[in-house]
Amino acid sequence: MIININERDGEESIDIVLDTIQHKKQCLVFLNTKKSAEKLAEDIADNIKDISKKDIAEKALNALQSPTKQCNRLHKCMLKGVAFHHSGLVEEQRKLIEENFRSGEISVICSTPTLSYGMDLPAFRVIIRDLKRYGKRGMDYIPVLEYMQMAGRAGRPGKETKGEAICIAKTEAEKDKIIDKFILGKPEEIYSKLAVEPVLRMYVLSLISGDIARTREDLLVFFGKTFWGHQFGDIDSLSRIIDKMLNLLEEYKFVASNKSNVSDCTDCSKISCENSDDLFTSADVLKTDTLKNGNLKNTEDKKIKQIKYTATLIGRRVSQLYLDPLTANKLLEGIAKSDSNTPLFSHLQMFSSTLEMRPLLRMRKSDEEFIQGLLIKYEDALLEDPPKVYDYEYDEYLDSCKTAFFFHTWINETKEDKMLDEYGIEPGLIRVKLEIIDWLLYSLIDLCNISQIKDKVNILNKLRLRLKYGVKEELLPLLKLKSIGRIRARKLFDNGIKDLGDVKMADLSNLSTLLGHSIAADIKKQVDQEIKEIPKGTRKGQLSIEKFS
DNA sequence: GGACGGTGAAACTTCAGGTTGCCTC
DNA sequence: GAAGTTTCACCGTCC
């Protein structure tokens, strides 16, 4: 069915939404950018009168310690029962929106594709306003599969007998295109992405580490049975990648093999042979294409089949930590280069340049000046050589510097609203990036302990704690107390209470003025107890106090 | 006449998202 | 490529 809208020109989606609300139904609107989602939600809210949802709006506003512009905007919309939803919101706000949409308190959500996948959030009407999105080749149509995911949200099974999914065409030509491509078209084929190097690196290591595969043959058999094997069956190219990965993992010392013991005697079936000086590497397998004739190839094949791989202690741990071996090696090499004079920014840049941290925060035009300033200050102290200005990786390198700068700003107690206003970093994104760097830090600390480079552990532990709380080093002693976070610790510190000893000495009434009576009494009680008892029952993921004292 | 506010055109800027991973109680 | 945001020129109003 094609709906013709003859209301206000250029505001078709608003008109359809208002019509939906009039009929006391709910709708989801899908757009292609976060800004668009916020703007449309705001425009819709501006057109709604006689609705006031103060309770939920207040909750959205106060989800952060200091509300950002984004919080204020969401608050304004939610007062009218309208919300926007995208990755820049924090988890609490997203949940609040989803729950209240399910309960019917919220009538409209303007969303980026966050809501299109894997979420049980049906609505009577779904409006897909943007069917194009900016990509590598400029604006391009979204995949049909994605359209189907969005349109599939229309209709509430068990509650309504029908649902409506509406696309908006600006011209007749566009209308025809939408009908052909999305409504009558077929979804794209799904392809396995297994044979991509980062994925294979991890799986090869985990298969060896878990004793599921011990030889190259085992790996080929395993991957041959996967969806990738079923789909492509190109075992030659897969085997080349596997050989490359095995070589790499050996180079990193995450796996070890018995190559040096494998004989080059063609008739020897045992693994070990006295005259085997010949060191055979997996890379040599690549040469087999040129050695296709005669016994030589058979000899090579026999040798390869005899090579057995086992994970080293550190390799096993890398696999357990679910780290990409490339990242693990990069971090270990980087930290080995650091010393007590290495600036924290250099550590942060190292973490920011890992695959796990992607997508990085993008450098905007207005960021250029301060990023250049940072480079002048820190470039010589980085733990990895930066690319040249004309290298294609250079832009990504700048993005990694911006991401590192963001972490650096965070551990210097910058508030979330300032981060959003000045650097365009949304609170939701802040949380995600902090979670990733926490995991990477935890992993590196663990790997340092195994690799006997324990002298770096203290610096990393401190950095982890500072990132967790977003504080300067001087506040760390106060964070040992329960109920004390970055805001209260700063309050205490600025009033001369700088460590647990000061808390012990401080007058209860002074503390009460700063923190309120119940918290003041509580921390007094805490300092009277053994310090080692304090971490019990602390927040999730908090590091134990002994490590930092 | 100058300050101020409103308006609209032009110039500028930016552009989705996800899961799982580790620890511990 | 498109949409949102910012900037700037212009004009009208008010004191």
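Model, not experiment: these values are computed from the prediction.
- The nearest whole Å value for the distance from the CD1 atom in A/Ile437 to the P atom in B/dC22 is 19 Å.
- Between A/Glu172 and A/Lys175 a salt bridge is recorded (basic side-chain N to carboxylate O distance below 4.0 Å).
- Scanning for salt bridge (charged side-chain N to carboxylate O under 4.0 Å, His left out) contacts around A/Glu98 gives an empty result, with sequence neighbours left out.
- For A/Asp446 and A/Arg317, the salt-bridge test passes: some basic side-chain N is under 4.0 Å from an acidic carboxylate O.
- Pairing partner, B/dA16: none, since no Watson-Crick or wobble contact has both distances short of 3.5 Å.
- As rounded to whole Å, 11 Å separates atom C1' of B/dT14 from atom NZ of A/Lys402.
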One character per nucleotide, please: for nucleotides 15-21 of chain B, 5' to 3', B when the base has a protein heavy atom closer than 4.0 Å, S when only the sugar-phosphate does, - otherwise. BBSB--B
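- Taking A/Thr112 as the reference, A/Thr114 meet the side chain to side chain donor-acceptor pair (under 3.5 Å) condition, with sequence neighbours excluded.
- For the P atom pair drawn from C/dG1 and B/dT19, the interatomic distance equals 33 Å after rounding to whole Å.
- In this structure, A/Tyr322 places its OH atom where only 12 or fewer heavy-atom neighbours from other residues, nucleotides or ligands lie under 6.0 Å away.
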Output side-chain donor-acceptor pairs under 3.5 Å for residues 360-372 of chain A, partner residues at least two apart or in another chain, one line each.
unit_1, atom_1, unit_2, atom_2, d
A/Arg364, NH2, A/Glu422, O, 3.2
A/Asp367, OD2, A/Arg364, N, 2.8
A/Asp367, OD2, A/Lys402, NZ, 2.6

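- Comparing the same atom, C1', in B/dG18 and in C/dA3 gives a spacing of 25 Å after rounding to whole Å.
- Residues meeting the salt bridge (charged side-chain N to carboxylate O under 4.0 Å, His left out) test with A/Lys35, sequence neighbours left out: none.
- Close approach of DNA chain C to chain A, defined as any atom under 4.0 Å from a non-hydrogen atom of the protein, starts and stops at C/dG1 to C/dT5.
- The environment of CE in A/Met139 is crowded: more than 12 heavy-atom neighbours from other residues, nucleotides or ligands sit within 6.0 Å.
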